[in-house]
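A quick write-up on the structure given underneath.
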Amino acid sequence: MSGDRDATSVVDGLFGGEGWVDALRSATAPPPGGEIAGYRIVRVIQRGAQGTVYEGLEPVTGRRVAVKRMPLAHVDADSVARFDREARALARLEHPSVVRLLAAPIDDGARIIVTEWVDGLPFDEWADACWGRSEAAEAVRSVARCAGLAAEAIAAAHAAGVMHRDLKPSNVLVTADGQPKVLDFGLAKALDASGTVTRTQGFAGTPAWSAPEQVADRPGRVDARTDVHALGLLLYRGLAGRAAFDGSLPIALLFEDIRRTVPREPCRIRDSVPRELSLVAMRALEKDPARRYLSADAMALDLGRFLRGDAVSVHPPSVAYHASKFVRRHWAMALVVAVALVAIGAGAASAVLARREADAQRRRSEERQAFVAQLVSEQAEAQAAGRAGLPGDLVRRALAGLGDRDLGPDEERSLRVQYAELLSRLGAGAEAAAQYRTAMELLPADAPDAVRAAMQRALAEASAEAGDPAAARADAEAWAALAERGALSTVEHAEAMILLASACARTDDMAGAGRAIDRAGALAAESGDSAVVAWHAAVRAGVLRRLGREADSIASAEAAVAALDGAAAVPAREARILRTAALALRRSGSEDAWPRSAELLRRSLEAKVREVGPRHPALLPAYMLLAEALDRSGRRDDALGALLEGEQRVARGLSWPDVRRADMQRWISQLLLAKGEADSAREAERRLREAVEELVALEAAPERVATTMALAIGCIADHAGAQAASEFALGLPGSAVAAGSAAAGRGYFRAMAVDVLLRSAQPLQADSRVEASLRDALEDARGMHGPESDHALVCESSLARCLAAMGAARVPEARELAVHAADALRARHGDRRSWIRPAESLADRLRGG
Amino acid sequence: MPIPATQPTLIERLRDPADQEAWQRFESGYRELLVRFAMRRGLQRPDAEDVAQAVFVAMVTAMQGFTLDASRGRFRDYLFRAVRNEIARSRARAASAPASLEADPGTAEERDFEDEWMAHHLRAALDHLRRTQPPNSVAVFERLLAGDAVAAVAAAFDMSAEAVHKVKQRMRDRMRERVREQVEQERAP
């Protein structure tokens, strides 16, 4: 045991004097070579409960960064995965008030988080300094402004599916010009599997900044409103000069305080704090999450109102209702509708009416809003965890939740309308339309026409975006019928007819379209409303073009633009009008067609940005249309520029897979490949790979995936040769599977890829290796999807093609497979689907031979 | 000193390569020690990490059924020999130093390892304290470690200077106990 005595004596010696402090310091300093995960360490900034923060330098660039090192006691696969997902979402978030996350590797049993360097004071110190050096009124405004920016940052993060969970003054650094930078997003908490803060020993967070639900006896869920509470504490601290809850209390008492004690209002601590602003903080600090601001957005809006001198809201409408088209366009109509909706218990759309609501209705309305908020944050959490990324899931869960709740038809209808609004905002037209449809069915028979019409309108407009022309037509007709009955104003009547005309055109009923648009013209002229006149002219241009009346079409389109330019106020539909006019113009055959179209599409894009903000998913198609017009005008570089701008601003921010983003990738790749440069080609290949993965993750239709893959393979074959292309193809399914689509089945896509290669100008050599691969794919597909599934049939056809190319002896088997596959596919899809043609032509060829 | 009916020490548990938890704890705890020591001996970080990895790999086979007893030396010595060997191999591969293994470790080398070994235990103990002690105490302690004066810390936490001293002493005592326990874990009967 001599060894132990040595150790003991060393330890005792060390701890006997003061030597241990230095020993500990140098033990925890970065190792000689002063590097952590590749970043050169300059000095220690701060040691905290979770780890140490260093000032560091980025390799190569020498840029200053902050490096936080958090030792991990155990490496738990779940926690690591959760952390990675959040880190990815966070790294994509670019917001002026969020500290940019640069990297988050694991190094040496510790998690390293590298962020941009921020020169600033923690929020509390900064706020105190404000109070110290400025007039009270100015200090108040500075604090409110800063808190508002921080709230916006949190809102942006929520939209990206990331919760903070640990917001406190030391996590909000404020630069000299009052710009907050939020750091340390929930990543540390992501390492803790439970996600809640409470633990029996060793409290991992900072208790004084926790929300009641985090320190409850039964730890509650952490959702968006927990972050709102934290924002409230921040604002409180900034205004009152001290924290709302005393962190130096013993934990048990502190938790009790947080759960039960309402802190003294800031305006009662400092006279100069205005009551309204104080109330904003107090609302965020409500013990019951349902009574707080339901989103960081809402709080930011209220702070904005305060700074502008507007009244802060007493009952902030939910985010969904803010988007309500009822309110924005026709105030008078909205009032009528809103009163009617209130009468049937559906909730108010404006603050004015809210004050008239009975208490019970207000409570119900808040409960509904809370339910929606809960759903939204569930969705955000699910997205952050990589579980469910599509808006449809939101609806499915909401509907499942509806079953649990004791709701009458009024409640359900109102909820569905709210979801529909949300879905529209998210760009999920089909789902929105479905919700409106169901909501309409729940209208009582004696519901006033105005209400029915309003809902029908919402349905018709959502349906038009949904991609089912027949249904859109039916919905548009229903709205038009209500209009004809006299239920609507002239302007609305005109709009209903215009929508009907579009819907007819989409179902190829040009006669119907013509009639509707003529009727619309008369009504628009009668109304004298230049916005609807412009809208009518734009849609008419489209109809005329379909009818082959080119010159009239151009004239109508230009008339639309002129009416727009001459309008007294900018109409809400400006973007739509310009786009419709542009689309009508571009195929008009005039020399100027594409360039003029590009000009209008650029204007349309700008208008849309003004309408929905610069990051809305609905902007993607706009960018793509613009790019197309630029490309056709011969401005290829500008086209690429437009697509990249769209990607930068919008596509990157989407936290779920999106078909449009995949299309955009594909297109960018094509433009890059057209450049003919090696670098561009490599980037193109990377993008195409991503596009295919995205489509796989979306379980996109086989033809879409096939087209993109074929393009990818073809392009790579062009610039890098067939070998590289076949490697790409054969290597793709693995990564496609990694993209998370359980339903796709790797065999299927591999088979499709091989098929494309076998058919290409320099075909892949069909040999036993390829055959084996295809047989695997077939087994895979049969097992996963069934022997008669599209997937299995495509695999059969590919295998047949391979066998047929291997020699006469294999042809009989090839024929059998090919014919079986082609017949089955034709039976199911008819002969109008281009993607089954290769299988059909193979079968025909082999039958003949 | 009576030896209580023991839980197996960490080192004993390492005899079973299937004891995931023990191996994970061991690896995550001792990796830093090996890397730092290798870097101290002049290796670049990537090579140092390779060395650490190689030591663990070698240990898995060596530990199976291996009885580490007092007559064969302390675990610490065993680890020292293992990492030295791997460093030598690494150098040989890089052809940057003679390949022969020194029969006797130089005094400097041995002292370096002892330093790093102690530093390892201090770090591990500190991590343990961070996780188990009241956060206020930890925060006070961290500030003291960062170099703040007692008076400054007292002011920042709204405590008296004596209270800060008490915290420091308490943490020191806890650290000492914990380091002893950790060293104990390196024992095997």
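Scope of the values below: all heavy atoms of this structure, side chains included, with no hydrogens, waters or symmetry mates. Reminder, nothing fancy here: chain letters follow the sequence lines and each chain counts from 1.
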Measure distances from B:Met159 to the heavy atoms of chain A and classify the residue's part below 4.5 Å as side chain, backbone, both or neither. neither
Honestly, the part of B:Leu129 sitting under 4.5 Å from a heavy atom of chain A is neither
Region of B:Phe157 that comes under 4.5 Å of a non-hydrogen atom in chain A: neither
The reported gap from CH2 in A:Trp20 to CE in B:Met118 (rounded to nearest 0.5 angstrom) is 12.5 Å
Nearest 0.5 Å please: distance from the CZ atom of B:Arg180 over to the CG atom of A:Asp12. 4.5 Å
If you round to the nearest 0.5 Å, how far is CG of B:Leu126 from CZ of A:Arg25? 12.0 Å
Side-chain contact test, heavy atoms from C-beta onward, threshold under 4.5 Å: evaluate it for B:Met175 versus A:Leu24 and give yes or no. yes
